[in-house]
Amino acid sequence: VYHNLSAKDKSYLRAMLPDKQVREVRDIRQRMGVNSNTASTYRSRLLASGLIQDAGRGRIRYTLPFIRDFLNMQEY
């Protein structure tokens, strides 16, 4: 699944790495250096793919176990 994602989708997932559990959407947007609309596009795509899920208002989390470890092992 990961290898079929766009570069920006992968960038969004990597922008989530610094946070341990639940991530604030605005923090991810700032780390990516994009505007709200752009970040929302990638967030929606990742939600639809099942790689992330809503965790309350303005917050998200990874859905797959060990995805954080997997992302840390990837070369960019």
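By the rule that hydrophobic residues join a cluster once side-chain heavy atoms approach within less than 4.5 Å of another member, Val1 and Phe70 end up as members of one cluster. In the hydrophobic cluster analysis, where Ile, Leu, Val, Met, Phe, Trp and Tyr join through side-chain heavy atoms closer than 4.5 angstrom, Leu71 is grouped together with Leu64. The cluster map of Ile, Leu, Val, Met, Phe, Trp and Tyr, joined by side-chain heavy atoms under 4.5 Å apart, puts Leu47 and Val34 in the same cluster. By the rule that hydrophobic residues join a cluster once side-chain heavy atoms approach within less than 4.5 Å of another member, Val22 and Ile60 end up as members of separate clusters.
Side chain of Ser11 to backbone of Ala7: no donor-acceptor contact under 3.5 angstrom is found.
Contact record, Asp9 with Leu5: CB-CB, 3.8 Å, taken as the closest heavy-atom pair. Contact record, Ser6 with Arg45: OG-NH2, 3.1 Å, taken as the closest heavy-atom pair.
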Taking only distance into account, with no hydrogens and no angle test, what donor-acceptor pairs under 3.5 Å do side-chain atoms of residues 48-56 form with protein atoms, sequence neighbours excluded?
unit_1 : atom_1 : unit_2 : atom_2 : d
Ser49  : OG     : Leu46  : O      : 2.9
Ser49  : OG     : Leu51  : N      : 3.4
Asp54  : OD1    : Arg43  : NH2    : 2.4

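Residues Arg68 and Asn72 form a side-chain contact, since some pair of their non-hydrogen atoms from C-beta on lies under 4.5 Å apart. Residues Lys8 and Tyr12 have side chains not in contact (no heavy-atom distance under 4.5 Å, counting atoms from C-beta outward). In this structure, the side chains of Leu13 and Tyr42 stay at 4.5 Å or more apart for every pair of heavy atoms.
Between the CG atom in Asp27 and the CE atom in Met32 there is a gap of 13.5 Å [rounded to 0.5 Å]. Taking NZ from Lys10 and NE2 from His3, the interatomic distance works out to 6.5 Å, rounded to the nearest 0.5 Å.
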Item to complete: Any chance you could lay out the salt bridge (Lys or Arg N to Asp or Glu O under 4.0 Å) test for Arg59 and Asp19, step after step, and finish with the verdict?
Response: CA-CA 11 Å; Arg59 298 163 44 158; Asp19 306 307; over 6 Å; no
